[in-house]
2 protein chains.
Amino acid sequence: MLHAGMRIGELAALVGVSTRTVRHYHRLGLLPEPERLANGYRDYRLRDGVVLARVRRLAELGLSLDEIRDVLADDRGRDLREVLAELDADLARQQDAIAARRRRLAVLLDEADLHPDSTVPPEMAAVLRELPAGGSKLAELDRALLTMVGSKAESGGMAELFGPLIEPEAVARGHRLYARLDELADADPRDPRVAELAADLADHLPEEMAVAVAASLGDGENGDWLRLVSAELSRAQAETFRRFVRVLRERAANREGRER
Amino acid sequence: MLHAGMRIGELAALVGVSTRTVRHYHRLGLLPEPERLANGYRDYRLRDGVVLARVRRLAELGLSLDEIRDVLADDRGRDLREVLAELDADLARQQDAIAARRRRLAVLLDEADLHPDSTVPPEMAAVLRELPAGGSKLAELDRALLTMVGSKAESGGMAELFGPLIEPEAVARGHRLYARLDELADADPRDPRVAELAADLADHLPEEMAVAVAASLGDGENGDWLRLVSAELSRAQAETFRRFVRVLRERAANREGRER
DNA sequence: CAACACGTTGCCGCCGCGTCAAGGTCAACC
DNA sequence: GGTTGACCTTGACGCGGCGGCAACGTGTTG
């Protein structure tokens with residue numbers, strides 16, 4: 001035999017990878033170290049090229065280098081089918097995931113043409129557009145709250161919770177709900193306006209959603225969000241919120257009692 | 001304001017991430033560090049929750065954290081649409097890539113039911129099946145060469161190159177091409193059998209593919225593969241190969257001359 | 001003899017965190 | 001009092017698949 005093999009750069013070019021990749025495979029044990037020439041250079045033979053090409057084919061299919069090592073070790077390919085089948089299932093899952101993200105993206109891109117802050121669901125965006133932009137700190141907090149809650153897929157009735165506060169008729173009837181909350185900034189928690197406003201807030205929730213609201217305010221996720229909101233309020237304002245929620249709960253309980 | 005904010009674990013649970021993730025976002029500057037309590041604990045407020053939720057929504061869409069930081073910096077979202085559009089294009093490319101891999105996988109999985117060594121294209125597998133398994137070192141080398149060349153999408157006529165060597169008629173006619181190559185192992189390169197076998201090899205290539213073979217043997221990729229094969233052969237055997245290729249080239253040149 | 005293209009080993013960087021490690025803090029139970 | 005246990009703090013390493021750089025040797029060419 002003529003023993004003129006190849007050097008690492010030639011082999012790499014032949015198979016279409018970098019020399020760094022070839023050495024990487026050596027360290028991982030995917031490709032055995034070939035003999036060395038007198039000067040220390042690696043001297044590659046035909047079988048090295050065969051193995052390297054095999055590794056690359058499997059890698060391009062998407063197998064991890066660990067998996068490839070397992071496949072090469074088992075070498076009588078019966079195990080390969082399992083790996084390939086599993087890989088196919090994994091790729092199918094990835095396809096589904098990507099398709100789902102593209103669907104969400106498509107919605108957002110459509111929405112983006114209508115409204116710049118397009119990271120919230122459509123119905124949230126509609127409510128946000130109606131909230132007064134400046135003037136009331138409470139409105140700001142509601143904006144924040146809605147943005148947060150909007151990030152969960154099921155918004156749990158929060159849009160409906162705040163919708164009534166800004167409906168034109170409510171404003172026209174002189175309830176001025178936001179303004180009255182603002183006025184309680186420095187008030188005492190026992191101020192009579194607290195109970196009064198809490199009742200008015202509750203009255204302006206349409207009946208059919210009071211139950212859902214009471215539930216979503218009470219438990220877990222949304223309850224914790226409201227805790228953060230309360231932390232931004234004065235004591236009287238926070239007390240108003242608490243009473244508001246309590247009234248809603250009582251009404252929900254009553255409704256439930258009547259239905260039994 | 002009541003200043004009872006949240007600790008990191010509560011905030012993380014609220015938004016649905018790990019505390020490690022929150023701290024990671026702090027280090028990357030995606031989420032500003034909040035005030036600290038007297039004991040050193042981070043004290044999160046409403047705005048932190050809002051930002052964190054926003055970051056998560058963008059991250060779940062597939063934006064990199066760097067991109068998210070850019071989006072948050074520009075903050076008036078007009079730039080967001082570009083990023084989202086680019087992301088969508090990227091996802092589309094990923095979908096295509098995955099689909100292509102699944103198609104190749106499907107072919108391999110079908111082939112796997114027929115032949116265990118299923119990492120080569122179907123037509124290669126067919127040729128490999130026919131090659132004698134033991135006995136001839138030359139056949140072994142051909143197996144290796146075919147496996148390698150099979151890894152490239154266009155196989156460049158290599159299947160056709162070796163096909164004739166094993167066709168039953170050729171064997172029946174007593175040419176014994178492999179056996180005669182084996183017999184040249186210790187021969188002198190000037191042995192008359194060398195030229196004789198080279199001519200016989202060339203004769204057994206169907207005319208219509210001689211051109212393609214001559215071309216694919218001559219240049220780049222396949223030529224380098226053949227260099228590795230020659231390195232495994234004795235001088236006389238390698239000389240046979242060289243003459244074989246030379247004869248093919250001459251015939252191809254003649255054919256081209258006649259066509260002009 | 002200098003330039004230049006190749007080879008050698010080895011270590012850092014990437015991304016989005018997970019996972020220890022080695023402590024400090026706080027409420028609840030004995 | 002002490003002792004769990006659940007939380008918090010900073011810091012460092014790990015992963016996958018290499019890319020890139022450093023610091024050096026080797027071999028061919030002008």
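Order of the sequence lines sets the chain letters (A, B, ...), proteins ahead of strands, with each chain counted from 1.
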Residue-phosphate contact under 4.0 Å: B/Asn39 side-chain N/O, C/dC26 OP1/OP2: yes

Comparing B/Leu65 and A/Ile8 on DNA chain C - which has the more 5′ nearest nucleotide: A/Ile8

A/Asp88 and B/Arg102 ion-paired at < 4.0 Å: yes

Side-chain ion pair, A/Asp66 and A/Arg69, N-O less than 4.0 Å: yes

Presence of salt bridge, B/Glu239 and B/Arg243, under 4.0 angstrom: yes

B/Arg20 and B/Tyr25 side chains, donor-acceptor separation under 3.5 Å: no

Interatomic distance where CD belongs to B/Glu60 and C1' belongs to C/dC17 [whole Å]: 15 Å

Side chains of B/Leu30 and B/Leu52 in contact at under 4.5 Å (non-hydrogen atoms): no

Residue closer to the 5' end of DNA chain C, A/Glu10 versus B/Arg7 (nearest nucleotide): A/Glu10

B/Tyr44 vs B/Arg42 side-chain heavy atoms within contact, under 4.5 Å: yes

Sugar-phosphate, base or nothing in reach of B/Arg69, heavy atoms under 4.0 Å: nothing

Interface with DNA chain D, restricted to residues 18-28 of chain A and to heavy atoms under 4.0 Å: A/Ser18, A/Arg20, A/Thr21, A/His24, A/Tyr25

Separation of C/dC15 C1' from B/Asp90 CG (nearest whole Å): 15 Å

Test item: B/Leu84 and B/Leu63 side chains (from C-beta on) under 4.5 Å apart, heavy atoms: yes

With sequence neighbours excluded, residues passing salt bridge (Lys or Arg N to Asp or Glu O under 4.0 Å) with B/Arg103: none

Chain A footprint on DNA chain D, 5' to 3' - any atom under 4.0 Å from a heavy atom: D/dG17 to D/dG27

Electrostatic pair B/Glu10-A/Arg227, nearest N-O below 4.0 angstrom: yes

Whole-Å distance separating the CG atom of B/Leu37 from the P atom of C/dA27: 12 Å

Nucleotide C/dG7, atom C1' - distance to OH of A/Tyr44 in whole Å: 11 Å

